[in-house]
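Here is the structure we will look at.
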Amino acid sequence: MNLRIPGPTPCPEPVLQAMTRQMVDHRGPEFKEILLRVTDRLKHFFQTQNDLLILTAAGTGGLEAAIVNFLSPGDRVLAVSIGVFGDRFAKIAETYGADVRRLRFPDGTAADPEQVAAALAEDPNIVAVTVTHNETSTGVTNDIAAIARVVKGAGKLLLVDAVSSLSAIDLPVDALELDVVVSGSQKGWMVPPGLSFISVSPFAWEANARARMPRFYLDLLGAKKSLDRGQTPWTPAVSVFYALDAALELMLAEGLPAIVERHRRVAERTRQGVKALGLKLLADERYASNTVTAVLAPDGVEVRPLRAALRERGVVVAGGQGALEGKIFRIGHLGYVSEADIDQTLAALREVLPQVGFRAPAATA
Ligand SMILES: *Cc1c(COP(=O)(O)O)cnc(C)c1O
């Protein structure tokens, strides 16, 4: 199957093979060596000297850790959202008692840094800002550099969901002064689901010392103390660590600039190919994501039968989430992906579209 969903993504053979290895004592020297090596290499891809902690959790667990370790109930939080995942980040903060103010932009658009600046200027009681780097539900990548300038310029804590971007889209965590940054193993890292990665700046650790939200499994200070001994607080997903170790080896061999460039190229090919078929993109193209492309369902075409027909031809794409269900389908192109995967996807689309009621707009001369 050509698995073209934005996570879980396909894994290279050496990554799959690594997981067949026997278990080791997770409090012994073999695991310690792996833990320290992958932590070090993750920092390289995060482009950070900050602490980096690995949680056995889905990406959402990492987002929850980003909230509960740095905030107290009643803290005012500005939740910048451009889609389902931005909304989820806000919901987690609300669940733990934060006083959340939402700044929601329409689906398909990026957050406007000037509106973020205005919201911060209007309300000096805001202590933290949550934002999604790459909104997987709409295929839009925020201008995180501009947003970070505004938020850090105002001296606020900046919490970033980079679950579907980091590893594939350039995100220099230290250069942009991002305080807390979360990613997830099953997106661009070519690793199965099960691990979440989270970087923590010194400014964020200061907030941690004051933060009173309840936490236990996701306590990052505990995770840091364990890491200093070469361990994790709880039993880690050992096999997924083997996979991560193998994937990082492959990623280092390719190199971050080449990985970023491959994603840019493959994404551009996807967008051009989709448009050439007469389809339209959801995203404002200036901010179109290099890891996932959201395509509007054309008039008269239903998403469900379209996806089913693609699946019969060996191509699996994702549907829309939330309010976009039935309105779009999404093509994932992150992690272990090449031009050939995209060409096969486009060829399958060309074949099935007429069968599900699509009539190409008349070519304009
Ligand atoms: C996938 C994703 C998540 C959630 O990850 P899970 O592992 O499904 O919990 C959060 N944010 C973004 C941007 C994502 O793409």
Side-chain angles (χ1 to χ4, degrees), residues 3-11 46 53-68 79-95 104-105 107-111 129-144 147 158-169 171 173 178 180-199 217-218 236-237 240 243-244 247 263 267 282-283 287-294 316-322 324-325 328-335 337:
L3 186 61
R4 298 270 57 90
I5 63 173
T9 62
C11 299
F46 273 63
L53 301 160
I54 305 173
L55 308 171
T56 290
T60 305
L63 296 182
E64 188 156 326
I67 296 294
V68 299
V80 179
S81 176
I82 61 170
V84 165
F85 290 104
D87 293 348
R88 184 182 298 180
F89 214 175
K91 186 84 182 295
I92 297 169
E94 230 159 41
T95 300
R104 180 62 151 92
F105 295 88
D107 289 336
T109 66
V129 175
T130 62
V131 67
T132 317
H133 179 210
N134 183 78
E135 179 51 71
T136 318
S137 68
T138 60
V140 173
T141 306
N142 270 319
D143 181 353
I144 194 73
I147 294 168
L158 179 52
L159 312 174
V160 181
D161 172 351
V163 173
S164 64
S165 56
L166 230 161
S167 73
I169 299 173
L171 187 64
V173 168
L178 310 180
V180 176
V181 181
V182 177
S183 193
S185 58
Q186 82 277 23
K187 300 290 170 90
W189 301 93
M190 311 189 291
V191 174
L195 299 178
S196 183
F197 319 129
I198 180 161
S199 69
Y217 183 76
L218 298 172
V240 190
L244 175 63
H263 282 86
L282 171 66
Y287 300 97
S289 166
N290 284 345
T291 60
V292 55
T293 294
V316 180
V317 301
Q321 296 165 282
L324 290 171
E325 191 180 343
I328 60 166
F329 64 94
R330 294 173 300 148
I331 303 170
H333 35 80
L334 68 172
V337 61

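Numbering of ligands and ligand atoms starts at 1, following listing order.
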### Summary
Per side-chain contact (heavy atoms from CB on, under 4.5 Å), N290 is matched among L334, T141, I169, N134 by I169
### Backbone N/O of S81 and side chain of D87: donor-acceptor pair under 3.5 Å
no
Enumerate, one pair per line, all nitrogen or oxygen atoms of ligand 1 lying under 3.5 Å from a protein nitrogen or oxygen, stating the separation to 0.1 Å; write 'none' if no such pair exists.
| unit_1 | atom_1 | unit_2 | atom_2 | d |
| --- | --- | --- | --- | --- |
| ligand 1 | 7 (O) | G59 | N | 2.7 |
| ligand 1 | 7 (O) | Q186 | NE2 | 2.7 |
| ligand 1 | 9 (O) | G59 | N | 3.3 |
| ligand 1 | 9 (O) | T60 | N | 2.8 |
| ligand 1 | 9 (O) | T60 | OG1 | 2.5 |
| ligand 1 | 11 (N) | D161 | OD1 | 3.3 |
| ligand 1 | 11 (N) | D161 | OD2 | 2.6 |
| ligand 1 | 15 (O) | T136 | OG1 | 2.4 |
| ligand 1 | 15 (O) | K187 | NZ | 2.7 |

### Query
For L324 and V84, what are the C-alpha separation, side-chain angles and deciding distance, and is it a side chain to side chain contact (heavy atoms under 4.5 Å, CB included)?
CA-CA 9 Å; L324 290 171; V84 165; over 6 Å; no
### Query
Sequence neighbours excluded, which residues qualify as ring pair (Phe, Tyr, Trp, His ring centres under 6.0 Å) partners of F197?
W189
### Query
In Å, rounded to the nearest 0.5 Å, how long is the span from OG of S164 to CD of E135?
7.5 Å
### Straight-line distance of T130 OG1 to F85 CZ, nearest 0.5 Å
14.5 Å
